[in-house]
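Just so you know, residue 1 is the first one in the sequence shown, and it goes up from there. Indexing begins at 1, ligand by ligand and atom by atom, following the structure's order.
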Amino acid sequence: MWYSELVEAYEKIEATTKRLEMTDYLVELFKNTPSELLDKVVYLTQGRLYPEFVGIELGLAEKLALRAVANAAGVPVKNVESEAKRVGDVGLAAEDILKKKRQATLFSGRLDVETVYGTLDKIARTTGEGSVDAKIKLLSGLLADANPKEAKYLMRTVTGRLRLGVADMTILDALAVAFASKEQRELVERAYNITSDLGYVAKLLAEEGLEGLKRCKITVGRPIRMMLAQRLTSAEETLEKLGGRAACEFKYDGERIQLHKKSDEILLFSRRLENITAQYPDVVDAARRCILAEDAIVEGECVAVDPDTGDFLPFQELMHRRRKYGIERAVKEFPASFFLFDALYDGEDLTQMPYPERRRRLEAIVREGNNFRLSEMITSDDVNEIERFFELAIESGCEGLMLKSIAEDSVYQAGARGWLWIKLKRSYQSKMAEPIDVVVVGTFMGKGRRAGTYGALLVAVYDDDRDVFPTVCKLGSGFSDKDLENLPKILEPYKIGHKHPRVESSIEADIWFTPAVVLEIIGDELTLSPVHTCAFGQIREGAGIAVRFPRFTGRFREDKAPEDATTVKEIVEMYQAQLKKIE
Ligand code: ATP
């Protein structure tokens with residue numbers, strides 16, 4: 001398959017803002033792809049080479065990539081650099097330069113997908129001494145055989161900036177249409193939820209059809225997409241929703257981890273399914289000693305603890321573990337405890353069993369240790385008892401409670417945010433009951449003290465029905481001087497020249513961003529707003545919902561993808577809950 005076929009599809013996808021059209025182009029592309037290449041084409045379309053959990057990432061420094069363009073085109077590096085600066089995109093710069101050059105000379109050679117993938121893979125894997133030159137050489141070779149359009153996408157891909165805006169769910173839609181039918185989408189999604197690997201699912205579906213997907217099983221070492229929780233604000237309502245009796249657990253405020261054990265080998269996956277094993281050698285150690293099953297997949301929350309008092313510390317303290325070197329020291333200085341709350345596999349697939357059975361199986365395979373414990377839990381049908389347990393959780397340094405269904409159908413809903421788990425969090429002093437997570441989609445340049453830097457950010461929530469990001473407020477408060485200094489650096493890679501097609505805004509920002517960076521904010525209350533597009537027209541015609549007096553809480557939610565931000569539905573529920581409180 002020629003790489004130009006891929007590029008043609010990318011051009012069309014980039015030009016549309018409509019999800020349905022995007023899906024059609026993907027269907028066409030997938031159908032035209034030989035099945036043995038389908039996994040690679042899916043990863044490339046996502047701007048990657050492997051699923052996230054494999055941990056091999058593209059992301060060649062722009063400076064190096066530009067040197068490769070200079071080599072391939074035979075022009076001075078500084079010309080390429082100034083062109084890139086002018087157009088603000090390494091892809092466009094490469095395209096322009098090659099266009100000019102290629103008018104003068106003929107070039108031969110056509111790039112096929114396998115060569116492109118293989119070379120990008122080599123670039124991603126080359127490390128150590130001399131790797132910089134080797135990478136540039138590999139990329140120059142590809143660019144020398146590329147036409148200008150291909151060069152544009154090669155450059156964006158190799159620097160980790162492809163961002164066609166194709167969501168995982170859109171790829172699943174397209175796969176279902178291309179190789180099964182819309183009605184079978186659920187099966188396709190289930191396969192994805194238990195393997196977390198779109199390329200693998202695509203290839204399996206194309207080669208073995210639905211029967212192949214049905215045989216798809218959870219595997220130790222391959223993360224399962226995590227089950228998520230809904231939220232409510234009162235214990236009474238929550239209990240009612242769960243059928244009058246529920247498992248109530250402490251809601252620990254740390255990092256969710258899915259732990260895989262295959263004999264002595266332990267792997268840890270984050271909520272975004274990245275392999276974070278290296279960050280928690282203490283959890284790995286404890287798991288080897290405390291999990292009695294030969295093979296297992298369990299989940300829990302890792303919480304930072306004060307080494308002097310044993311008290312829980314805020315979630316941010318775990319950030320000290322996000323480092324490449326000096327982990328041993330960080331483990332000593334910033335110890336953590338792991339609290340287990342679910343078992344997905346113990347030699348047998350447990351995901352389709354009801355929660356009480358999974359918890360029983362979890363208890364059977366865990367021998368508790370100092371920093372490796374089961375979550376605190378009671379089963380109750382009594383609102384008063386639950387409220388007391390909630391207070392106890394808060395007193396112990398937790399965020400509140402997780403209430404979980406114990407009904408016959410309380411399976412582990414991989415990848416879903418259903419009503420089987422409901423979170424109850426502590427109210428804050430302000431009228432807005434709790435903080436929300438928002439995505440940065442734009443910024444306004446600052447004035448006065450903030451001249452020359454960002455004045456306020458334009459932030460959005462996620463509409464999961466329509467796969468778009470409507471705005472919910474401008475955010476200018478709560479930033480420390482250090483935050484203000486860092487923000488432009490953090491957001492720089494996501495700068496784009498126009499509003500992102502998945503962003504809905506009636507305001508013009510000075511700079512637009514691809515939705516990527518998630519922040520936690522708290523506000524005074526939710527109000528109706530003619531300006532912001534969140535839940536537009538849902539409460540009142542011509543108005544959306546906005547956060548009044550929003551402040552950054554100091555938490556960058558690096559563990560969240562933009563699609564994990566607070567949803568429009570949640571905002572509507574919070575708005576309605578707030579009205580009830582005022583009444
Ligand atoms: P979400 O994960 O729901 O998108 P979030 O990361 O902001 O949002 P919360 O909404 O506060 O987290 O609550 C859900 C998270 O609570 C889980 O993903 C998990 O990390 C954490 N958690 C803590 N204790 C428990 C528990 N006992 N059972 C399940 N989850 C728990």
Practice problem: Report yes if the distance between the aromatic ring centroids of F250 and F389 is under 6.0 Å, otherwise no. | Solution: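 Yes, close enough.
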Quiz item: Taking the six-membered ring for Trp, are F469 and F513 ring centroids under 6.0 Å apart?
Solution: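 Not close enough - the centres of the two rings lie 6.0 Å or further apart.
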Quiz item: Is there at least one pair of N or O atoms, one from K425 and one from ligand 1, spaced under 3.5 Å apart?
Solution: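 Min N/O separation from ligand 1 is below 3.5 Å for K425.
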Quiz prompt | Close N or O approach (S375, ligand 1; < 3.5 Å) | solution =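 No - when backbone and side-chain N and O of S375 are compared with those of ligand 1, no distance drops under 3.5 Å.
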Self-check item: Carboxylate-amine/guanidinium proximity below 4.0 Å for R466 and E504
Solution: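 Between E504 and R466 there is a salt bridge, with a charged N closer than 4.0 Å to a carboxylate O.
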Practice problem: Applying side chain to side chain contact (heavy atoms under 4.5 Å, CB included) between L362 and each of L350, L374, D346, report the one that passes. | Solution: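 Among L350, L374, D346, the one that satisfies the side chain to side chain contact (heavy atoms under 4.5 Å, CB included) with L362 is L374.
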Quiz item: Hey, which of T533, V439, V531, V438 is the one that makes side chain to side chain contact (heavy atoms under 4.5 Å, CB included) with T471?
Solution: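 For T471, the side chain to side chain contact (heavy atoms under 4.5 Å, CB included) test succeeds with only one of T533, V439, V531, V438, which is T533.
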Side chain, backbone, both or neither: the part of [X] lying under 4.0 Å from ligand 1 by heavy atom:
X: K560; result: side chain
X: R557; result: side chain
X: F250; result: backbone

So which heavy atom in the protein is nearest [atom], and how far is it from that ligand atom?
atom: atom 31 (C) of ligand 1; value: F341 CE2, 3.6 Å
atom: atom 24 (N) of ligand 1; value: Y252 N, 3.1 Å
atom: atom 12 (O) of ligand 1; value: K251 NZ, 4.1 Å
atom: atom 1 (P) of ligand 1; value: R271 NH2, 3.3 Å
atom: atom 21 (C) of ligand 1; value: E301 OE1, 3.1 Å

Quiz item: Among M377, K423, E376, which one has a heavy atom closest to atom 10 (O) of ligand 1?
Solution: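 When every heavy atom of M377, K423, E376 is considered, K423 comes closest to atom 10 (O) of ligand 1.
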Quiz item: Where the closest heavy atom to atom 30 (N) of ligand 1 is concerned, which of M402, R256, M226 has it?
Solution: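 Among M402, R256, M226, the closest heavy atom to atom 30 (N) of ligand 1 belongs to M402.
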Quiz item: Going through the distances and angles, do E520 and F552 end up as a side-chain contact (heavy atoms from CB on, under 4.5 Å)?
Solution: CA-CA 6 Å; E520 188 186 75; F552 177 44; 5.5 Å; no
Quiz item: Parallel, tilted or perpendicular: which fits the ring planes of Y412 and W421, with parallel below 30° and perpendicular above 60°?
Solution: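 Perpendicular: the ring planes of Y412 and W421 meet at over 60°.
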Atom indices of ligand 1 within 4.0 angstrom of [X] heavy atoms, with elements:
X: D437; value: 7 (O)
X: E249; value: 26 (C), 27 (N), 28 (N)
X: E399; value: 11 (O)
X: R417; value: 1 (P), 3 (O), 4 (O)
X: L228; value: 2 (O)
X: K404; value: 26 (C), 28 (N), 29 (C)

Quiz item: Does E299 come within less than 4.0 angstrom of ligand 1, counting non-hydrogen atoms of the residue?
Solution: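 Contact absent.
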Quiz item: Could a heavy atom of D253 be found less than 4.0 Å from some atom of ligand 1?
Solution: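 No; D253 lies far enough from ligand 1 that no heavy-atom distance drops under 4.0 Å.
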Practice problem: Might you confirm whether atom CG of N370 has over 12 heavy atoms from other residues, nucleotides or ligands at distances under 6.0 Å? | Solution: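 At most 12 heavy atoms, drawn from other residues, nucleotides or ligands, come within 6.0 Å of this atom.
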Practice problem: Verify the distance criterion only: is there a donor paired with an acceptor across the side chains of Y280 and D285 at less than 3.5 Å? | Solution: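 No - no donor-acceptor pair under 3.5 Å links their side chains.
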Quiz item: Regarding S375 and R359, is there a side-chain donor-to-acceptor distance under 3.5 Å anywhere?
Solution: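 A donor-acceptor contact under 3.5 Å links the two side chains.
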Exercise. Show your reasoning for whether side-chain contact (heavy atoms from CB on, under 4.5 Å) applies to I571 and T566.
Key: CA-CA 7 Å; I571 295 281; T566 300; 4.0 Å; yes
Quiz item: If only atom types and distance count, is the side chain of Q258 paired as donor or acceptor with the main-chain N or O of R271 below 3.5 Å?
Solution: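 Not at all, since once roles are kept as given, no pair shorter than 3.5 Å links the two residues.
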